[in-house]
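Before any comments, here is the structure.
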Amino acid sequence: MLSRVFGFGFGRRPFESLSEQEILALAISSEEDDGRIYRAYADGLAESFPQSAKVFEEMAEEEDGHRDSLIELHRQRFGERIPLIRREHVKGYYERKPDWLVRPLGVEHVRSQAEAMERQAYLFYVEAAKRTTDASTRKLLDDLALAEQGHETLAQRLEQQHVPGEVKDEEAAAERRQFILTYVQPGLAGLMDGSVSTLAPIFAAAFATHDTWQTFLVGLAASIGAGISMGFTEVASDDGKLSGRGSPIKRGITTGVMTSAGGLGHALPYLIPHFWTATAVAAVVVFFELWAIAFVQNRYMQTPFLRAAFQVVLGGALVFAAGVLIGNA
């Protein structure tokens with residue numbers, strides 16, 4: 001545990017202490033792990049990005065080939081028994097994130113992750129070879145470095161074969177569309193609801209009581225209550241399978257968080273004890289919230305900015321005015 005937190009490497013072997021047999025065993029286990037990761041990437045991309053999934057399937061097969069070659073080399077030099085040594089046993093050795101830590105498997109993210117994997121392995125073997133004085137060990141490390149460098153070339157070649165320009169553009173568009181459906185739309189709905197619907201109760205409470213603390217409590221309750229309500233409503237609206245909107249849990253969390261954030265934005269200023277100062281700050285926050293909503297609508301929903309701004313600002317102004325009038329009644 002301490003080694004993961006502080007990075008001191010307690011309980012790990014220095015790379016310099018490994019024998020040639022152990023280095024070979026480490027390379028075998030590393031190739032096996034990388035093959036599993038590439039297959040997990042392929043499985044995660046298969047439904048939405050089948051062509052990119054083929055790239056990672058073939059890369060996994062290439063890793064299997066390197067592993068088999070390394071096993072055969074070990075059999076020739078050291079016999080049938082391969083020592084159990086993995087990358088987490090060696091101090092300073094590069095680590096791999098399991099595929100569940102990099103989910104959701106966005107296609108561009110996975111491609112960059114794979115490139116980083118190959119680059120890390122290549123650089124490690126190169127540096128390790130520089131620090132090795134034994135001729136046979138150095139040759140072994142150089143060979144492994146060349147193999148990892150070849151993996152990067154293979155990835156580029158496979159991508160050109162399976163993911164030509166048109167397919168890559170289609171996958172990028174599909175990924176962006178999925179991101180909008182799963183995160184942007186629910187988040188925008190939550191931000192609009194939280195920012196606009198809480199204006200009336202918060203400013204009504206403010207002008208009715210002129211008590212900043214009580215106003216803050218009203219805003220806090222309204223924001224959190226609205227966030228919980230909107231989140232559960234989004235989860236229950238559909239399971240995402242027929243609509244293609246993605247995980248209802250992700251949508252619900254996004255909606256709930258953004259709804260609460262929208263309301264808390266103009267509730268938090270009422271922690272300022274001076275009423276008119278708090279109200280002025282809250283009004284400024286509301287202005288930026290409404291323009292942020294207009295920006296998101298323009299950026300992701302292709303709504304003309306002036307139309308989006310007019311709709312949002314007009315709606316917000318009417319709700320704000322309603323709250324002030326009710327509070328002064």
Side-chain angles (χ1 to χ4, degrees), residues 1-44 55-103 105 110-155:
M1 179 65 181
L2 288 175
S3 63
R4 290 184 178 273
V5 175
F6 298 106
F8 293 149
F10 294 137
R12 296 187 181 189
R13 291 270 304 277
F15 183 81
E16 293 80 3
S17 71
L18 300 183
S19 66
E20 290 186 39
Q21 182 182 14
E22 289 170 330
I23 291 173
L24 195 56
L26 178 61
I28 291 170
S29 66
S30 297
E31 297 288 354
E32 289 175 342
D33 287 346
D34 287 355
R36 292 190 187 99
I37 291 173
Y38 286 143
R39 284 194 171 83
Y41 286 171
D43 292 341
V55 172
F56 290 103
E57 284 286 1
E58 294 198 29
M59 289 182 69
E61 292 175 4
E62 186 73 12
E63 298 288 347
D64 291 345
H66 290 147
R67 179 206 59 194
D68 294 342
S69 299
L70 290 165
I71 290 175
E72 182 59 31
L73 178 59
H74 184 280
R75 180 180 290 114
Q76 294 174 5
R77 296 189 62 190
F78 304 109
E80 298 290 335
R81 296 184 182 275
I82 303 175
L84 179 57
I85 180 168
R86 305 179 68 84
R87 52 172 58 97
E88 59 265 26
H89 301 154
V90 180
K91 186 188 302 183
Y93 199 72
Y94 60 89
E95 296 182 352
R96 294 283 191 253
K97 289 184 179 180
D99 69 285
W100 55 269
L101 283 180
V102 295
R103 289 183 183 271
L105 294 180
V110 172
R111 284 173 184 154
S112 63
Q113 190 77 15
E115 290 176 2
M117 287 171 60
E118 303 301 343
R119 186 167 57 253
Q120 287 172 358
Y122 167 72
L123 292 175
F124 178 83
Y125 285 133
V126 168
E127 292 302 315
K130 291 178 182 178
R131 295 194 300 268
T132 303
T133 56
D134 181 79
S136 58
T137 303
R138 175 170 292 212
K139 183 180 184 306
L140 174 61
L141 293 172
D142 284 336
D143 289 344
L144 292 171
L146 290 174
E148 294 299 338
Q149 191 177 37
H151 288 183
E152 189 171 355
T153 302
L154 174 68

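Sequential numbering from 1 along the given sequence is applied to the chain's residues. Predicted model only: the values in this text are computed from it and were never measured.
- For the pair Asp33 and Arg86, the minimum side-chain heavy-atom distance is below 4.5 Å.
- Contact between Gly35 and Ala60 at its shortest, heavy atoms only, is O-CB, 3.6 Å.
- Put simply, the side chain of His74 reaches to within 4.5 Å of the side chain of Pro83, judged on heavy atoms.
- For Asp64, the side chain to side chain contact (heavy atoms under 4.5 Å, CB included) partners two or more places apart in sequence, or in a different chain, are Arg39, Arg67.
- Between Ser29 and Ile85 the shortest heavy-atom distance is OG-O, 3.0 Å.
- Here the closest heavy-atom approach between residue Tyr38 and residue Phe56 is recorded as O-CB, 3.5 Å.
- Using a 4.0 Å cut-off between charged nitrogen and carboxylate oxygen, Lys139 and Asp142 do not count as a salt-bridge pair.
- Of the inter-residue distances, the one linking Leu18 atom CG with Leu26 atom CG reads 6.5 Å to the nearest 0.5 angstrom.
- Applying the side chain to side chain donor-acceptor pair (under 3.5 Å) criterion to Arg75, with sequence neighbours excluded, gives Glu72, Glu80.
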Take Arg36 and Glu32 through the test side-chain contact (heavy atoms from CB on, under 4.5 Å) and record every step on the way to the result. CA-CA 6 Å; Arg36 292 190 187 99; Glu32 289 175 342; 4.0 Å; yes
